[in-house]
Amino acid sequence: MTAHADRPDTTVAIACYDERRWSSILGAVASARAQTVQPAAIVVSVDHNPALAERLREALTNTPGIPDIPDITVVDNEGARGASGNRNRAAAEARTSVIAFLDDDERAEPDWLEHLLEPLADASVAGTGGGCSPAWELSEPTWFPPEFAWAVGAHYEGLPRTTSAVRGVWSGNMAVRTHVFRAVGGFREDFGKIGDVPLPEDTDLCLRVTVAGHGGWRYVPDAVIHHEVPAARSTRTFLVRRCYAEARGKVLMRELAGDLSQQVDGGALGAETRYLTAVVPRGVLREVRTAVGSLAGRDLETARRSADRTVMMVASVGAAAVGAAHGACTLAGRHLPGRRRLRPEDLS
C-alpha cells in the first residue's frame, strides 16, 4: 500500500449493526485495509449493538500492530438509530480532510480509494461516488432488467461510463470533504434507512451540499465496490417493493428540500424524471426488439427472457407510481412546518 502525496488524507467509515453480517463486515474492513492508496484510518460504527461492537474490538483492534495497516477504531452509535445516525457517528471520529463511506456488505477493489479521490484534486468538487457491482448470492435472475440494478445497490444501465458530473451519489460508495460534510450537518438523522426500510438520505445530503454552494459531485465508475445481493433480494417481489419504497422516499425528500430543490438543475427529482423518460423506455424498446427478433429466429428462450424483463420494467414503474402516490398522500395528510424538515411520524 502507498500513501500518494497527491491524494487527500482519508478516513474510511464503515457502518454496521447486525452480527449476521459478521463475515461481510470483516470483508469490508479487509478491503479497506488493502487499498493501493492507504487511508489514514478506518472507523467502524456499530448501531445500538454493544455485543457486536465488543466482538469487533476484540477481532480488529486487540492485535499487534502491523506495518502499513491504518488505525482501526470501533465506536458505538448510541444516538439516532439507523443508517444516517450510524454513518454520522463514524464520521465524527474523522481527523482527515476526506471521509470515504463503505457499507458493511461491500468489498472494495484495491484501487477503489485511489480512483474515488482523483476528482477531489479539483477544488470545485465536494464529493465523489463510485461504481457498484452486484455480488449475487445466487446467479443473476434472467428476468432482471439492467436498468433496475440500482434496486440491489449496483450501478445500472444508463449511468455515465466515464467520470462525470452528477446530482448525487450513493452513500455506500462515497467520498466527501470532511469540512463540507460537517458544514451541512452530515446525513439527516430523521430521514434515512432504518433496518430494511430505505429512504434516500444520500440524495438529500448531496442536494444540500450543492445548494449550500460547497461544490458539485462526480460519479467515478472506475472506483468499484462489490455489493452483496442476498437470495432474498433476487425475487420479483423484492424488486417491485423496492421500487415502491424508493419512489415514496423520493417524493418525501422533495418536500423536505422545499424551495431549495429549485436551485438544483432539473429540480430535486430531475434525475428521476430523466431516468423514467429516457433510460427505462430505451430498455423496454431494446427488450421488445430482442424478443421480436428472437421469435423470428425461433429462439424461444431468448424471447422469453426479453419478455420477462419487459414485464418487470413495466411492473416496477407501476409500483413506483403507487409509491409516489402514497408519498403524496402522506404529505397531504400531515402538517409539515416550514417545508424544511419532516418529522419521524411523517415517514410512517
Shortest non-hydrogen contact from [X] to [Y]?
| X | Y | answer |
| --- | --- | --- |
| Ala108 | Gln35 | CB-NE2, 3.8 Å |
| Ala51 | Glu19 | CB-OE2, 4.2 Å |
| Ala328 | Val251 | N-CG1, 3.8 Å |
| Ser45 | Asn86 | OG-OD1, 2.6 Å |
| Cys132 | Trp170 | SG-CE3, 3.5 Å |
| Pro146 | Arg309 | CD-CD, 4.4 Å |

Nearest 0.5 angstrom please: [X] [atom1] to [Y] [atom2], how far?
| X | Y | atom1 | atom2 | value |
| --- | --- | --- | --- | --- |
| Asp204 | Phe187 | CG | CZ | 9.5 Å |
| Ile42 | Arg33 | CD1 | CZ | 6.5 Å |
| Thr36 | His115 | OG1 | NE2 | 7.5 Å |
| Arg233 | Leu138 | CZ | CG | 13.0 Å |
| Arg21 | Asp103 | CZ | CG | 8.0 Å |
| Cys16 | Asn77 | SG | CG | 10.5 Å |

Can you get from [X] to [Y] by hopping between Ile, Leu, Val, Met, Phe, Trp and Tyr side chains that sit under 4.5 Å apart?
| X | Y | value |
| --- | --- | --- |
| Val46 | Val12 | yes |
| Val229 | Met312 | yes |
| Tyr156 | Trp143 | yes |
| Ile99 | Leu120 | no |
| Val43 | Val180 | no |

Less than 4.0 Å between a side-chain N and a carboxylate O, is that true for [Y] and [X]?
| X | Y | value |
| --- | --- | --- |
| Arg286 | Glu147 | yes |
| Glu201 | Arg87 | yes |
| Arg57 | Asp76 | yes |

So, [X] side chain and [Y] main chain: donor-acceptor pair closer than 3.5 Å or not?
| X | Y | result |
| --- | --- | --- |
| Glu246 | Ala320 | no |
| Thr96 | Ala94 | no |
| Thr10 | Pro8 | yes |
| Ser316 | Met313 | no |
| Thr178 | Ser97 | yes |
| Asp47 | Tyr17 | no |
| His214 | Ser124 | no |
| His227 | Pro134 | no |

Determine whether [X] and [Y] make a side-chain contact, defined as any pair of heavy atoms from C-beta on separated by less than 4.5 Å.
| X | Y | answer |
| --- | --- | --- |
| Cys243 | Leu239 | yes |
| Leu26 | Leu60 | yes |
| Leu159 | Trp150 | no |
| Ser31 | His226 | no |
| Glu301 | Asp299 | yes |
| Trp136 | Pro141 | yes |
| Met174 | Trp217 | yes |

*What is the ring orientation for Phe181 with Phe101, classed by angle as parallel under 30°, tilted 30 to 60°, or perpendicular over 60°?*
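Ring orientation of Phe181 relative to Phe101: tilted.
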
*Taking it one step at a time, do Thr73 and Glu93 satisfy side chain to side chain donor-acceptor pair (under 3.5 Å)?*
CA-CA 9 Å; Thr73 303; Glu93 296 294 314; 5.6 Å; no

Report all side-chain donor-acceptor pairs from residues 218-225 shorter than 3.5 Å, counting only partners two or more places apart or in another chain.
none

_Determine whether Leu252 and Leu331 satisfy the following criterion, side-chain contact (heavy atoms from CB on, under 4.5 Å), listing intermediate values before the conclusion._
CA-CA 7 Å; Leu252 296 175; Leu331 296 173; 3.6 Å; yes

*asked:* Walk me through whether Arg305 and Ser294 qualify under side-chain contact (heavy atoms from CB on, under 4.5 Å).
replied: CA-CA 10 Å; Arg305 292 179 179 180; Ser294 299; over 6 Å; no

_For Val209, run the side chain to side chain contact (heavy atoms under 4.5 Å, CB included) check against Val211, Leu207, Leu205 and tell me which one passes._
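Going through Val211, Leu207, Leu205 one by one, the side chain to side chain contact (heavy atoms under 4.5 Å, CB included) with Val209 is satisfied by Leu205 alone.
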
_Quick test of your reading: applying salt bridge (Lys or Arg N to Asp or Glu O under 4.0 Å), list the pairs with at least one residue in residues 115-137, sequence neighbours left out, ordered by first then second residue._
Arg7-Glu118

*Test Arg188 against Arg208 for side-chain contact (heavy atoms from CB on, under 4.5 Å), laying out the working first.*
CA-CA 10 Å; Arg188 201 184 294 267; Arg208 288 186 287 115; 2.9 Å; yes

_Test side chain to side chain donor-acceptor pair (under 3.5 Å) applied to Asn173 and Glu106, step by step_ = CA-CA 9 Å; Asn173 186 356; Glu106 298 173 345; over 6 Å; no

_Assess the residue pair Val37 and Trp112 against the criterion (side-chain contact (heavy atoms from CB on, under 4.5 Å)); give the C-alpha distance rounded to whole Å, side-chain angles, the decisive distance to 0.1 Å, and a yes or no._
CA-CA 9 Å; Val37 171; Trp112 164 69; over 6 Å; no

*Is the number of heavy atoms from other residues, nucleotides or ligands within 6.0 Å of CZ (Arg241) greater than 12?*
no

*Using the side chain to side chain donor-acceptor pair (under 3.5 Å) rule, take Ser24 and Asp105 through it: C-alpha gap first, then chi angles, then the decisive distance, then the call.*
CA-CA 5 Å; Ser24 298; Asp105 57 352; over 6 Å; no

